[in-house]
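The next block holds one structure in the form of structure tokens; read it before the comments.
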Amino acid sequence: PVAPAAGAALRWAPRRRVVAALSGAGLAALAAVALLPGRPPDSAQTLSSSELGALSPWLRDGYRDHARKGSLFIGSVTPGWRRLPADQRQQNVAQLVAELSRTGIREVLLYDDTQRLVVHHAAGLPLRILL
């Protein structure tokens, strides 16, 4: 059996790797989201519902840093996202990341309705779909 302290360390290890992989800007934005859910930083540009719909039918909200010139996109997916088959989630995220990359986005963080990280993409790293 694993001692309680060791078990806790094992459960948190994957989360540490995700945080360690984030860029400085991504880590700051992640902290802002964790502290102020649903409220983008003052320097961020919130996307309209039509802009979000053009990117993906599964985006509930989203914003990018530095008034549309930055390299980070943070958003949340609708509750229906969870019911999609894994291959459809993968295809949708690949299309979303490709479209955002064309506009200069280099890092994408998507959260579900319980504020769990479900997608992480950073240029040069493998795409991570966590749900």
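All figures in this text were calculated on a predicted structure; none of them were measured in a lab.
To the nearest 0.5 Å, the span separating CZ on R128 from CG on L117 amounts to 7.5 Å. The CG atom of L59 lies 8.5 Å from the OG1 atom of T78; values are rounded to the nearest 0.5 Å. One finds the CG atom of D61 at 7.0 Å from the CG atom of L52 (value rounded to the nearest 0.5 Å). Rounded to the nearest 0.5 Å, atoms CG (L110) and CH2 (W58) are 13.5 Å apart.
Contact check on D113 versus R82 returns a salt bridge, with a Lys/Arg side-chain nitrogen under 4.0 Å from an Asp/Glu carboxylate oxygen.
Counting only distance, with no hydrogens or angles, the side chain of R89 and the backbone of L84 share a donor-acceptor pair below 3.5 Å. In terms of modelled atom types and a separation under 3.5 Å, the side chain of D65 and the main chain of L72 share a donor-acceptor contact. Counting only distance, with no hydrogens or angles, the side chain of R64 and the backbone of T103 share a donor-acceptor pair below 3.5 Å.
Residues satisfying the side chain to side chain contact (heavy atoms under 4.5 Å, CB included) test with S50, not counting sequence neighbours, are S48. In this structure, S49 has no side-chain hydrogen bond (donor to acceptor under 3.5 Å, both in side chains) partners at least two apart in sequence or on a different chain.
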Side-chain donor/acceptor pairs under 3.5 Å, residues 91-100, sequence neighbours excluded:
residue: N92; atom: OD1; partner: S56; partner atom: OG; Å: 3.0
residue: N92; atom: ND2; partner: S56; partner atom: OG; Å: 3.3
residue: E99; atom: OE1; partner: R102; partner atom: NE; Å: 3.4
residue: E99; atom: OE1; partner: R102; partner atom: NH2; Å: 2.7

